[in-house]
Amino acid sequence: MLDAQLLRSQLAFVQERLATRGYTLDAARFQSLEEERKRIQTDTQDLQARRNAASKQIGQLKGKGEDTSSVMAEVAGLGDALKAGEERLAVVLADMQAFVASLPNLPHESVPVGKSEADNVEVLRWGTPRSFDFEVKDHVDVGTALGGLDFETATKISGARFTLLRGGIARMHRALAQFMLDTHTLEHGYTELYAPYMVNAESMFGTGQLPKFEEDLFAVPRGDGSKFYLIPTAEVPVTNIVRDTVQSAASLPLKFVCHTPCFRSEAGSYGRDTRGMIRQHQFDKVELVQIVTPDQSWAALEALTGHAETILQRLELPYRKIALCTGDMGFGAAKTYDLEVWLPAQNTYREISSCSNFETFQARRMQARFKNEQGKNEILHTLNGSGLAVGRTLVAILENYQQADGSVVVPAALRPWMGGVERIGA
RNA sequence: GGAGAGGUGGCAGAGUGGUCGAAUGUACCUGACUCGAAAUCAGGCGUAGGCGCAAGUCUACCGUGGGUUCGAAUCCCACCCUCUCCGCCA
């Protein structure tokens, strides 16, 4: 959420920055809401002040045993106006809040300006795609032939966009998550968490999934009419740890890593990536989250992205790092790097991690603050990134490490988590 | 699922219709004393927001939402959460 003060004082600037993301800020609507808010709020607070003063006077008079009827008559006349004012104020404040909460974040000045994916900027490439002396199969064919990937049965059990893993490939999936967790906790200084997979609406609002993106989520109805939401990423439960808190400066930065399944409705992506386990309703991800002071967040974004890159490098998977352009960034991000892994069967790089600095965008929605050096409460900065998406990492290994005989070599770095197994199949 | 207790400021803990945004203790900050520290003494010390150039001033907040009242931390209703015991359970 943007700072309402910023909107008031620099509306044209905000409008201009949001325009780079292809978002049109309705300045006239904001100004009329703001004007109305100001008027109603001032009037209402004025009435409240008069009511409070009169009530206090009544208390004092009664204490002295004096007559209060004239004051009571005066304040009684305020009742209706006061009630009407308070109701209108509540409405206009809610409208204003909803308006501000619906605005995406301002892109950081270093973000390349562009309209779409096509305008993203490649920052670096790592590794050299392997050349094959046989016909390359995609992960579906590789995994199915090994008996480790079974989409038909998953479809019977649940439906489209689910996967059933079996045997060595299921084990590799588990090993990947363990390898990622151990690397981030033992070498990168993250604290491991186990967190709820279902959260309340407040948490979804805090990280920005609600109210705008409800259709992307799965919800679980509860008996009382409320609902839980299945997390689309561990970012949600983990970042909300600091919701409604004031952190001491000494406790920062907070660095958390959390392995969870992620659940996404994939509404609106019909027909995209229908083959294989690239785009699923349920997939595992190891998520990195950092909660930092504002002066640290840009360095933290580089570091966090580097932590995710380490996993790809250890697994010797070729990848590239992309700076998303203004038009392609997510709702809450001030800046995002995507890491894209090489998939030989598609002959292209595909997203395997997305690392973002949200600056105060999420923290303001969550009222997540810290005590600064002046002893004042200040809004924190939040960041997160995949380190990595486990399912897509498995896909990348199946494709990049496939052999002519149909087997798959286990990347050397992963073998300690695979009981020393060097190869799956054949 | 059944029975009971409770949710007040960073923490502890008073307050059961009016001068209560809230005693007191503790923590913390500033000053005095001290070579320095401790102890002691004095002062300060919640959050969010409005208006104002500023000094300042006003509003809201005592789990949440309603209600009664001129006035609610305090009374009424509903809900949420926590704790204890019983039952059930991975």
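Just so we're clear, the structure is a prediction, and the values are computed from it rather than from any experiment. Proteins get letters first, then strands, A, B, ... in listed order; numbering begins at 1 in each.
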| query | Expressed as a whole number of Å, how far does the P atom of B:A39 sit from that of B:C51? | reply | 45 Å
| query | How long is the line joining CG of A:L93 and C1' of B:G50, in whole Å? | reply | 10 Å
| said: Measuring from the side chain of A:Q367 (C-beta onward, heavy atoms only), which nucleotide among B:G50, B:A48, B:G18 has the closest atom? | reply: B:A48
| task | Among B:U19, B:U59, B:G18, find the nucleotide with the atom closest to the side chain of A:S55. | result | B:G18
| Spacing of the C1' atoms in B:G25 and B:U8 (rounded, Å) | 15 Å
| Pair partner, B:A60 [Watson-Crick or wobble, under 3.5 Å] | B:U47
| message | Between B:C77 and B:A23, how far apart are the two C1' atoms, rounded to whole Å? | response | 31 Å
| said: Which is more 5' along RNA chain B, the nucleotide nearest A:T42 or the one nearest A:G59? Just name the residue. | reply: A:G59
| request: Using Watson-Crick or G-U wobble geometry with both distances below 3.5 Å, tell me the partner of B:A12, or none. | output: B:U24
| Whole Å only: how far is the CD1 atom of A:I58 from the C1' atom of B:C20? | 17 Å
| request: For B:U57 and B:G7, measure between their P atoms and round to the nearest Å. | output: 34 Å
| query | Do A:Q296 and A:Q290 get their side chains close enough for a donor-acceptor pair, meaning under 3.5 Å? | reply | no
| task | In whole angstrom, give the distance that lies between atom CD of A:Q60 and atom P of B:C20. | result | 10 Å
| task | Would you mind telling me which of B:G50, B:G21, B:C70 lies closest to the side-chain atoms of A:K56? | result | B:G21
| query | Closer to the 5' end of RNA chain B via nearest nucleotide, is it A:T44 or A:L82? | reply | A:T44
| message | Both distances below 3.5 Å, Watson-Crick or wobble geometry, any strand: find the nucleotide opposite B:A3. | response | B:U84
| With a 4.0 Å cut-off on heavy atoms, is A:N377 in touch with a base, just the backbone sugar-phosphate, or nothing at all? | sugar-phosphate
| task | Return the value, rounded to whole Å, for the distance between atom CD of A:E86 and atom C1' of B:G67. | result | 14 Å
| ring pair (Phe, Tyr, Trp, His ring centres under 6.0 Å) between A:F218 and A:H281: does it pass, once the steps are laid out? | CA-CA 9 Å; A:F218 285 113; A:H281 286 315; 5.4 Å; yes
| For B:U74, the Watson-Crick or wobble counterpart (both distances under 3.5 Å) | none
| Is the distance from OP1 or OP2 of B:U59 to the nearest side-chain N or O of A:N52 less than 4.0 Å? | yes
| said: Any carboxylate oxygen within less than 4.0 angstrom of a Lys/Arg side-chain nitrogen, looking at A:R264 and A:E266? | reply: no
| task | Give a yes/no answer on whether the side chain of A:R364 brings an N or O atom under 4.0 Å of OP1 or OP2 in B:A48. | result | no
| query | On a whole-Å scale, what distance lies between the P atoms belonging to B:C29 and B:C81? | reply | 38 Å
| Quick one: is B:A48 close enough that its OP1 or OP2 comes under 4.0 Å of any side-chain N or O from A:Q97? | no
| note | Mate of B:C41 across any strand shown (Watson-Crick or G-U wobble, both atom pairs under 3.5 Å) is B:G31
| said: So, OP1 or OP2 of B:C51: does either fall under 4.0 Å of a side-chain N or O from A:R37? | reply: yes
| In whole Å, what is the span from the CD atom of A:Q41 to the P atom of B:U59? | 13 Å
| message | Classify A:A49 by what it touches in the nucleic acid, base, sugar-phosphate, or nothing, heavy-atom distance under 4.0 Å. | response | sugar-phosphate
| task | To the nearest Å, give me how far apart NZ (A:K371) and P (B:A27) are. | result | 18 Å
| task | Would you tell me whether A:Q280 and A:T163 have side-chain atoms, one donor and one acceptor, within less than 3.5 Å of each other? | result | yes
| request: Decide, yes or no, whether a salt bridge links A:R39 with A:E34 under the criterion of side-chain N to carboxylate O below 4.0 Å. | output: no
| Value in whole Å for how far the P atom of B:U59 lies from CD of A:Q48 | 8 Å
| Rounded to the nearest Å, what distance is computed from the CG atom of residue A:D46 to the P atom of nucleotide B:C58? | 11 Å
| field | Span that lies between the C1' atom of B:A73 and that of B:G9, in whole angstrom | value | 13 Å
| With a 3.5 Å cut-off and no angle check, do the side chains of A:T144 and A:D141 form a donor-acceptor pair? | no
| remark: Against the side chain of A:R51, the closest entry in B:U47, B:C58, B:G71 is B:G71
| message | The side chain of A:K83 is closest to which nucleotide in this list: B:G18, B:G67, B:G21? | response | B:G67
| said: When the P atoms of B:A38 and B:C33 are compared, how many Å lie between them, rounded to an integer? | reply: 15 Å
| Would A:R275 and A:D138 pass as an ion pair if we require N to O under 4.0 Å? | yes
| said: Taking B:G15 as the reference, what is the distance to B:C75 when you measure between their C1' atoms (whole Å, please)? | reply: 15 Å
| query | Base, sugar-phosphate, or nothing for A:R50, non-hydrogen atoms under 4.0 angstrom? | reply | nothing
| request: Return no unless some side-chain N or O of A:R8 is found under 4.0 Å from OP1 or OP2 of B:G49. | output: no
| message | Pairing check on B:G36: which nucleotide meets the Watson-Crick or G-U wobble criteria with it, both distances under 3.5 Å? | response | none
| field | Touch class at under 4.0 angstrom, heavy-atom based, for A:R39 against every strand present | value | nothing
| task | Assess the side chains of A:K285 and A:T260: does a donor N or O sit below 3.5 Å from an acceptor N or O? | result | no
| query | With respect to the side chain of A:R369, which nucleotide from B:U47, B:U59, B:G50 is positioned closest? | reply | B:U47
